[in-house]
Amino acid sequence: MPRIVSLAEAVKANVRDGDTVAMEGFTHLIPHAAGHEIIRQGRKDLTLIRMTPDLIYDQMIGMGCAKKLVFSWGGNPGVGSLHRLRDAVEKGWPKPLEIEEHSHAAMANAYEAGAAGLPCAVFRGYIGADLPKVNPKIKSITCPYTGEKLATVPAHRPDVTVIHALKADREGNVLIEGIVGVQKEAVLAAKRAIVTVEEIVDDLGPRSLNAVVLPAWTVTAVAEVPGGAYPSYAQGYYKRDNAFYKAWDPIARERETFLAWMKANVLDKGPEVFAAHAQRTRAAAE
Amino acid sequence: MPRIVSLAEAVKANVRDGDTVAMEGFTHLIPHAAGHEIIRQGRKDLTLIRMTPDLIYDQMIGMGCAKKLVFSWGGNPGVGSLHRLRDAVEKGWPKPLEIEEHSHAAMANAYEAGAAGLPCAVFRGYIGADLPKVNPKIKSITCPYTGEKLATVPAHRPDVTVIHALKADREGNVLIEGIVGVQKEAVLAAKRAIVTVEEIVDDLGPRSLNAVVLPAWTVTAVAEVPGGAYPSYAQGYYKRDNAFYKAWDPIARERETFLAWMKANVLDKGPEVFAAHAQRTRAAAE
Amino acid sequence: MADYTSTEMMTIAAARSLRNDDVCFVGIGAPSAASNLARLTHAPEITLIYESGTLATKPSVLPLSIGDGELCDTALTTVSVPEMFRYWLQGGRITVGFLGGAQIDKHANLNTTVVGPYDKPKVRLPGGGGAPEIATSCGEIFIIMAQSKRSFVDKLDFITSFGHGEGGDHRERLGLKTKGPTKLITDLCIFEPDPKTREMIVTSIHPGVTREQIAENTGWPVTFAAAVKETPAPNAQELKILRELNERTARAHGKAA
Amino acid sequence: MADYTSTEMMTIAAARSLRNDDVCFVGIGAPSAASNLARLTHAPEITLIYESGTLATKPSVLPLSIGDGELCDTALTTVSVPEMFRYWLQGGRITVGFLGGAQIDKHANLNTTVVGPYDKPKVRLPGGGGAPEIATSCGEIFIIMAQSKRSFVDKLDFITSFGHGEGGDHRERLGLKTKGPTKLITDLCIFEPDPKTREMIVTSIHPGVTREQIAENTGWPVTFAAAVKETPAPNAQELKILRELNERTARAHGKAA
């Protein structure tokens, strides 16, 4: 059974310097509050895995938490570049960042293989592409029946996976709905899992017989953080703050404006600020 | 878009002598009415794929529809043997039956690989077991990263898959809930798919954002057959007739009683009888 | 004269070996009775999983089939069968798996496939189903089988699921990290693997059963542990709850039409 | 003076190439505008799929991100991302995939990874995302890109997704059974692959555009088809619906805070 704790306790107990960390959420349910907490606790030398680094890793990379990034698409969706990611890759600021680059298909299959307890993922991919020339992790096997050459990547096996979900009950069973992304696979592939939720309820309530639920015994720690996905969104709770995604571009473009923003909004604040963000977005949506 | 037709038309147009046919439903939603229709239309030389042959294939094998069976567990659940299957395997009646035997894990992975467009499934299986000695289809690959030997089986790629579902809308989108088994994978792995449903509705109605739905463009034909899963069950419509599963044992034990039952209940009847069965079971359950 | 049957003793002994924090992969029949009895007595929080995809199910009656609606209605959620075998079983999420079979040997290998040669079977049994991967993927395996010379044999006609193979470090040699069969619970006694040879040896004998009875009903020369315990007889509470469960089940499944 | 922009012409030309029975894998930006315009005009039954897992979605405004809630709210259902890439894309269920990029060459190979060497990039671009497998798994590929010498280059710094490779039967030699890029729709014209060489050649020129303009904005010596058509200008209906869609979208996404 997971311990229901504060976000600070969950991060302190489960995220260690040098860990391989996956923080997933495919546009929906990105665990931004947990990312801020990891920054506040000054974790470093992390290997960060995520299909789309998004603002959450742009911030963690810019604050020096990461030594390596494993990813498949590193942009600000619909807006442009992730300036902190580019600064780290192109100029080594605040420190050099090693990158391991894949395609979405490879990343999704690598999480699936991790959840399935397999050492590698097998899929039809990378045909004619240059990525295998620069990423030695991409290999292949030959189908014993057809002779077809199929691509392989190592399964993802994070030390800890961090996700944000809609609800957990008091036992720690977690409900995810809407765009579910790769979160279930990322949690099942990991040694430890932290889940932040919009609310902790007595009972998950009426739901589909086939609802996407992570049983309590697959989760290490659950923390209630209303608004914890902001500026991403939580289906049925608040909308994505697309305006903030656009606003991030000028903030992150220069090191100074970035550092100032992080001090004012992360280092000098706590998880409680997310509730306010969420309420504002929800109100705006109504 | 699938054609919404009668069961007889659906079978006539999509199931051909010599076809490889998968009729799935894991205890729940077994397409018994479609099985009876295939028997009535006298299809033969079929290669029948199904994890648990159950009564549906015991009947089709006993009536001589099959030349080969691909399966992983061939019993009458909670009752005992499938006597017609055993008679075919042990004594070649009514005709010899070739068998290709797997484990559940292998069958489930073979459907998954078929749905995923892969030529083979890769999993950790059959370790120390004798089945690979008698089934040459079971091979292996070596993980390029760990050197672990992993089992492989060819992907299932049926000519036609037949399933029973809860509802379809008028466009032919199909909803499955409850124990969903391998039906989605079996449909996506097949060249053609027939779906019988409890009811055709204007709209699938309120449902989970992540409901198990087969889009219309993945289905070839849809036929409305209320009760079409009986003596299996349809979640929310009627219960499994466990008593009939027990009653099947003496019926199927002898060739004469079996043939008499098939004449009276299948050859001389039509799909409409299933509605009555279902009503009876539902009533009994209330 | 005991006020309980040897089958009740077997089921209750199996139930007792389950822990409150186990995640248990349940088969139909005796395993289902034992694990639900455990849930209704000393292990209220045990997680029961059936291969039909039902996670953390709490049936009020025992299923006749592995996919009865009752299992889905009372589950935390229900996943697809490919997911069940990939994420939950192969993914190493199960602590205890239950198995049984038509034949077992002294190293707890099981046969549920054929009696006689595979190509010309004397008796064609149902086959392996989930067993081959349950046997190797679960943290440990409990086997429940009534004893007889016909089923406890010196040599299996077919190895459907792997137990301790030829004994010793055979599992380790195949790269298996799971424990394999740690308990064989019968209507007469409880066998556990010898730490070194991995032969299943008798460690506890049910009340009123003699060593001779056990030997007569075993197809290999039985070894008894240095210190053999007597299995505590079923208590009133265990019998009451098991019998009520069986009665509810009989009512629910009705008589053959 | 035309009463529409070249971007509107590009989007409308792309929309027109979609059929009512297409199953379309949509990216954000221009592809999203084009495919939703098609859905709102001549192809009401087109199936739109976004890689976030939304099947048959019907957004009333264009998503800023591939996973906006609007896509899920209006979808037939939403599946996991691993399922999307395994069953739907790799499973061969998509008839048309849209791609774009920072650089394209004359055989419609695309670069969205780096400008300059991979290890010491001059410009680090977002990367491939779904593109490498979209390019090979979809029945055919439509590419939408505004033309300029900087983006239409003679040689790519990096092949992120494979088009016609070196041309000719290169796709067939790699075992690909899909068509690859069949249309390259720009703000100036439409390119289609030469049946033999698979070089992208100009088959239709947008109204008011000259061959010289096209040549000036292309980094390789452009080939024109024997019979080059003029792209029909956007009609009032197309422009009205596209502009309304863009206005709804702007309102919904709001201004930067």
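The sequence lines fix the lettering, A, B, ..., with proteins before strands; numbering per chain opens at 1. Note that these values count all heavy atoms, side chains included, but never hydrogens, waters or copies made by symmetry.
- Under a 3.5 Å cut-off, the side chain of C/Gln90 and the backbone N or O of A/Gly117 do not form any donor-acceptor pair.
- Using a 4.5 Å cut-off between heavy atoms, A/Asn210 touches chain C through backbone and side chain atoms alike.
- Counting heavy-atom pairs closer than 4.5 Å to chain A, the top-ranked of the candidates C/Gly92, C/Gly53, C/Gly91, C/Ser137 is C/Gly91.
- Among pairs with a residue in residues 27-41 of chain C, none fulfils salt bridge (charged side-chain N to carboxylate O under 4.0 Å, His left out), at least two apart in sequence or across chains.
- With sequence neighbours left out, A/Arg207 forms a side-chain hydrogen bond (donor to acceptor under 3.5 Å, both in side chains) with no residue at all.
- By the neighbour-count criterion of 12 heavy atoms within 6.0 Å, atom NZ of C/Lys58 is sparsely surrounded, having that number or fewer from other residues, nucleotides or ligands.
- Here salt bridge (charged side-chain N to carboxylate O under 4.0 Å, His left out) pairs that include residues 185-196 of chain A, with residues two or more places apart or in two chains, are A/Asp19-A/Arg192, A/Asp159-A/Lys191.
- Along residues 62-88 of chain C, the residues that come nearer than 4.5 angstrom to chain A, judged on non-hydrogen atoms, are C/Cys72, C/Ala75, C/Leu76, C/Thr77, C/Thr78, C/Val79, C/Glu83, C/Arg86, C/Tyr87, C/Trp88 in order of number.
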